[in-house]
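First comes the structure, then the notes that go with it.
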Amino acid sequence: MRVVSLNTGLPRDVEWRGRTVTTAIYKIPVEGRVSLRRLNLDGDRQADLSVHGGAFKAVYCYPIEHYAPWTKELKGRDLPLGMFGENFTTEGLDEDSVHLGDQFSIGTARVVVTQPRMPCHKLGIRFHADDMVKRFLASGRTGFYLAVEQEGHVGAGDTITLVARDPHGVRVADITRLYVAKEFSRDDVAVVRSAMQVAALPDSWKSHFQNRLATAGF
C-alpha cells in the first residue's frame, strides 16, 4: 500500500452555469516532502469550511484503482491524478478493505480513517457534468477521509502501513451503502450500531444513523 501521488490546491473562482463558484477541488500533484498537520496538508485549503476540511476531513484519499473504470465509463476522458479532488491518490487499499477507525502510518505521520466522501455539486463542476455527483455516489467508489493522529511529513511514494485495525470491523463501503439505503434490514441495523461505536466516526454521522434507526422503529 502506498501513496502514488500527493495533491494539493487552493480555492479559486470558476464560472459555472452563469455564476461564479469558489472551489478548491482542483488539486495538482506536488513533489517532495509536505507537512501534514491536524487540519490539512501545507499548501492545501478548502473553500467551504462548513462542509469541507476540519479535523475529521484533514486528508481525502482516492484509490488509483478507481481511475480505470471511470475512464471506461466516461468514454476515455483524460483523468489526471488529483482529478477527484483527492490529496492522496492511493494504491492497494479501497472502501471494501478499509474500516472506519483503522489507523495507518504514512511517512512520519499517523492517521485514522473517519468516513467516506459524500460528493457535493463541486464534483460536477470539476467534471463539467451535472450528473457526476449522482454517478459518483451510485458507483460506491467514494474514497475516504483521514484524521491526523500524529503530525508529520509525507510525500508521493510513501508506504502506507496498517498500525491498528478497528475492532468493530465496519467497512467504509458499508457506510456509503447504508447512507443510500431506503430501508434497513436487521443485519443493516447491526452494522449501524457497530458504526456508532467507532470513536473515529464523526458525531454528525452518528446523529444521522440514530435518527434513521428511530424513524425505522429500531
Side-chain angles (χ1 to χ4, degrees), residues 21-25 38-40 44-63 66 84-88 90 93-104 111-127 129-149 164-218:
V21 178
T22 303
T23 177
I25 197 171
R38 293 290 178 183
L39 297 181
N40 49 34
D44 191 66
R45 295 291 184 274
Q46 293 77 37
D48 185 353
L49 295 178
S50 67
V51 292
H52 300 293
F56 288 99
K57 296 181 178 178
V59 176
Y60 174 47
C61 299
Y62 201 69
H66 293 343
F84 294 88
E86 75 268 22
N87 299 116
F88 292 163
T90 63
L93 64 171
D94 62 19
E95 302 83 358
D96 289 316
S97 63
V98 172
H99 298 163
L100 300 180
D102 283 356
Q103 298 180 38
F104 296 92
V111 297
V112 59
V113 178
T114 59
Q115 59 193 302
R117 177 196 189 171
M118 295 291 104
C120 73
H121 70 285
K122 292 179 180 178
L123 184 67
I125 294 174
R126 182 70 177 95
F127 280 81
D130 288 322
D131 68 341
M132 190 59 192
V133 172
K134 183 177 181 179
R135 293 177 67 172
F136 184 87
L137 189 57
S139 75
R141 301 188 292 265
T142 61
F144 49 90
Y145 285 105
L146 306 175
V148 178
E149 296 280 289
R165 273 285 201 192
D166 187 87
H168 298 91
V170 180
R171 303 176 305 160
V172 171
D174 291 328
I175 298 299
T176 304
R177 178 182 61 80
L178 293 168
Y179 178 80
V180 301
K182 297 185 184 301
E183 297 180 351
F184 286 164
S185 67
R186 291 287 177 180
D187 287 343
D188 290 339
V189 171
V191 175
V192 167
R193 287 177 171 157
S194 292
M196 292 171 64
Q197 299 301 311
V198 179
L201 184 68
D203 288 342
S204 58
W205 274 102
K206 293 176 181 177
S207 296
H208 167 79
F209 283 129
Q210 183 63 58
N211 291 335
R212 288 285 305 273
L213 290 178
T215 300
F218 290 104

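This is a predicted model, so every value here is computed, not measured. As a basis for the values below, the full set of heavy atoms in this structure was taken, side chains included, without hydrogen atoms, waters or symmetry mates.
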Over all heavy atoms of both residues, which pair between [X] and [Y] is shortest? Give the atoms and the distance, please.
| X | Y | value |
| --- | --- | --- |
| G101 | D166 | C-CB, 3.7 Å |
| L123 | P119 | CD2-CB, 4.0 Å |
| Y62 | E86 | CB-CB, 3.6 Å |
| R38 | V148 | NH1-O, 2.5 Å |
| E95 | T142 | OE2-N, 3.2 Å |
| T176 | P116 | OG1-CB, 3.3 Å |

Find the distance between [atom1] ([X]) and [atom2] ([Y]) and round it off to the nearest 0.5 Å.
| X | Y | atom1 | atom2 | value |
| --- | --- | --- | --- | --- |
| T114 | D102 | OG1 | CG | 11.5 Å |
| D203 | M196 | CG | CE | 10.0 Å |
| R126 | I25 | CZ | CD1 | 7.0 Å |
| R193 | L213 | CZ | CG | 6.0 Å |
| N87 | D44 | CG | CG | 4.5 Å |

For F136, does the six-membered ring have the charged nitrogen or CZ of R117 within the cation-pi criterion, i.e. under 6.0 angstrom from the centroid and within 45° of the normal?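 Here R117 passes the 6.0 Å and 45° test against F136.
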
Given side chains that start at C-beta, do those of [X] and [Y] come closer than 4.5 Å, heavy atoms only?
| X | Y | result |
| --- | --- | --- |
| V198 | H99 | no |
| L100 | H168 | no |
| R186 | F218 | yes |
| R177 | D188 | yes |
| F84 | M132 | yes |
| K206 | L201 | yes |

Using a 3.5 Å distance criterion without hydrogens, assess whether the side chain of K57 forms a donor-acceptor pair with backbone atoms of N40.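 Flag not set: sc K57 to bb N40 has no pair under 3.5 Å.
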
Quick check on side-chain contact (heavy atoms from CB on, under 4.5 Å): which of L146, V111, V112 does Q103 satisfy it with?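 Checked L146, V111, V112 against Q103; only one passes side-chain contact (heavy atoms from CB on, under 4.5 Å): V112.
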
How are the rings of H208 and W205 set to each other: parallel, tilted or perpendicular (split at 30° and 60°)?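 If you compare the ring of H208 with that of W205, the planes turn out perpendicular.
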
Within a 6.0 Å radius of atom CZ on F184, are there more than 12 heavy atoms belonging to other residues, nucleotides or ligands?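 Result for CZ/F184: enclosed.
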
Go through F88 and Y145 one step at a time and tell me if the ring pair (Phe, Tyr, Trp, His ring centres under 6.0 Å) criterion holds. CA-CA 10 Å; F88 292 163; Y145 285 105; over 10 Å; no

